[in-house]
Amino acid sequence: MAKDTYKIPPSLARSFLDHQIPLPLFGMTPRPTPIRQLLFYVAGLMVVLWASLSTFVKSSGPVPITLFVIWALVAVAYLGRLTRTKQLTVQTVPALINYIPTGARHLVTRRSGDPSAFASITGLQSVDDQGVLHFYGGAAARIYLVVGSASYMLFDEDRTAILDRVDAFWRKVPPGVQFTWLTTREPQRIYHQVASLERRNRALVSRDADLLALQDEQYSILVDHVGGQFMSIQQYLVVRGRNLESLHQGETALAAEVETSSLMIKEATRLGVEDAESVLRDLYRGLDPVILPRPSQ
């Protein structure tokens, strides 16, 4: 049975400053504190004392000194907090400073411009005719449109069965393979309905004006209302490997899971080059109105 909670083992790359020690306080034992955080607090207090007793702040009067000490202690307490990645908040200050300029938050892309900046973000080199995404460094990936079984209306036994199946799947994932889930909110996919409408339109024996008007009305409903106003949640799975061989191993594991059981993934559809480029376009550029050609008269 899958566990309700998982413990993440400590990294082998951690240093002495990352070790955590408990500090009893008034008979209570709070959460262990990293040595890095303790040293930062001690250094911060020493700097506050030095600034208030040995700099120009000393001669500014009792009220300014009190306000300075309160502000400095609050700043030290805030900058010494741990983020979700177990880093000190002060370590994120350089990234924040680099993010403030407008030029650092926007990337202008032009067909005639240098693509190096955009390529450094995506790492994507090309998409071949089979829909395989090739990255710089030799990595390869493929995008799947997936349908899962999760729901808020599940019974406890169904929830347990799904968790067990997901736990068993991740244990079988070969090394060097990454699975990335993408959830998007995009217009309804009406390509098949429009294609069916076009086939029916071409199969008409009588080109009566009323029949053609009915065809136009059905097309307008599909494109303007169903495909333009009704949004749906789509979920994609990006299978990425260190190379093509590693990618094939990941795809084999995914195909075996879909064929064996529908608890984790009910359906997985491999996207071709056009659909893969459409997903990437929506991901990096944003959603644009879908414009489809009208059926021929």
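This chain uses plain numbering: 1 for the first residue, then up along the sequence.
- L49 forms part of no hydrophobic cluster, judged by ILVMFWY side-chain heavy-atom separations under 4.5 Å.
- Applying the side-chain hydrogen bond (donor to acceptor under 3.5 Å, both in side chains) test to T184 and every residue at least two apart in sequence or in another chain returns E186.
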Pairs of donor and acceptor atoms involving the side chains of residues 60-74, under 3.5 Å and at least two apart or interchain, shall be tabulated with distances.
unit_1	atom_1	unit_2	atom_2	d
S60	OG	V57	O	2.6
T66	OG1	P62	O	2.8

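- Going from atom OG1 of T252 over to atom NZ of K172 covers 12.0 Å, rounded to the nearest 0.5 Å.
- Placement of V93 and Y41 within a single hydrophobic cluster is found when ILVMFWY residues are connected by side-chain heavy-atom separations under 4.5 Å, directly or transitively.
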Original post:
Does the pair L280 and V127 meet the rule for a side-chain contact (heavy atoms from CB on, under 4.5 Å), with working shown?
Top reply: CA-CA 10 Å; L280 294 174; V127 182; 4.1 Å; yes
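- L222 CG to E217 CD: the interatomic distance, rounded to the nearest 0.5 Å, is 11.0 Å.
- In this structure R242 satisfies the salt bridge (Lys or Arg N to Asp or Glu O under 4.0 Å) test with no other residue, sequence neighbours excluded.
- Of all non-hydrogen atoms in F40 and L88, the two that sit nearest each other are CB-CD1, 4.0 Å.
- Partners of E274 under the side chain to side chain contact (heavy atoms under 4.5 Å, CB included) rule, at least two apart in sequence or in another chain, do not exist in this structure.
- For residues 78-98, every residue pair satisfying the side-chain hydrogen bond (donor to acceptor under 3.5 Å, both in side chains) rule, not counting sequence neighbours, is listed here: T83-T85.
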Which atom pairs, donor and acceptor, lie under 3.5 Å between side-chain atoms of residues 131-147 and protein residues at least two apart or in another chain?
unit_1	atom_1	unit_2	atom_2	d
H134	NE2	D128	OD2	3.0
R142	NE	E251	OE2	2.5
R142	NH1	Q130	O	2.8
Y144	OH	E251	OE2	2.7
Y144	OH	R270	NE	3.4

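- Taking a 4.5 Å side-chain heavy-atom cut-off between Ile, Leu, Val, Met, Phe, Trp and Tyr, the cluster of L53 contains only that residue.
- Evaluation of the side chain to side chain contact (heavy atoms under 4.5 Å, CB included) rule for S262 yields K266 as partners, not counting sequence neighbours.
- The main-chain N or O of F56 is found under 3.5 Å from a side-chain atom of S59 such that the two form a donor-acceptor pair.
- Counting only residues at least two apart or on different chains, the salt bridge (charged side-chain N to carboxylate O under 4.0 Å, His left out) pairs with a member in residues 34-61 are D18-R36.
- With sequence neighbours excluded, the residues forming a side chain to side chain contact (heavy atoms under 4.5 Å, CB included) with F16 are H19, I35, listed by chain and number.
- Atom CH2 of W170 has more than 12 neighbouring heavy atoms from other residues, nucleotides or ligands inside a 6.0 Å radius.
- A donor-acceptor pair under 3.5 Å is absent between the side-chain atoms of S220 and the main chain of D216, judged by distance alone.
- Residues L45 and L38 do not share a hydrophobic cluster, defined by chaining ILVMFWY side chains whose heavy atoms lie under 4.5 Å apart.
- V47 belongs to no multi-residue hydrophobic cluster, having no ILVMFWY side-chain contact under 4.5 Å with any other such residue.
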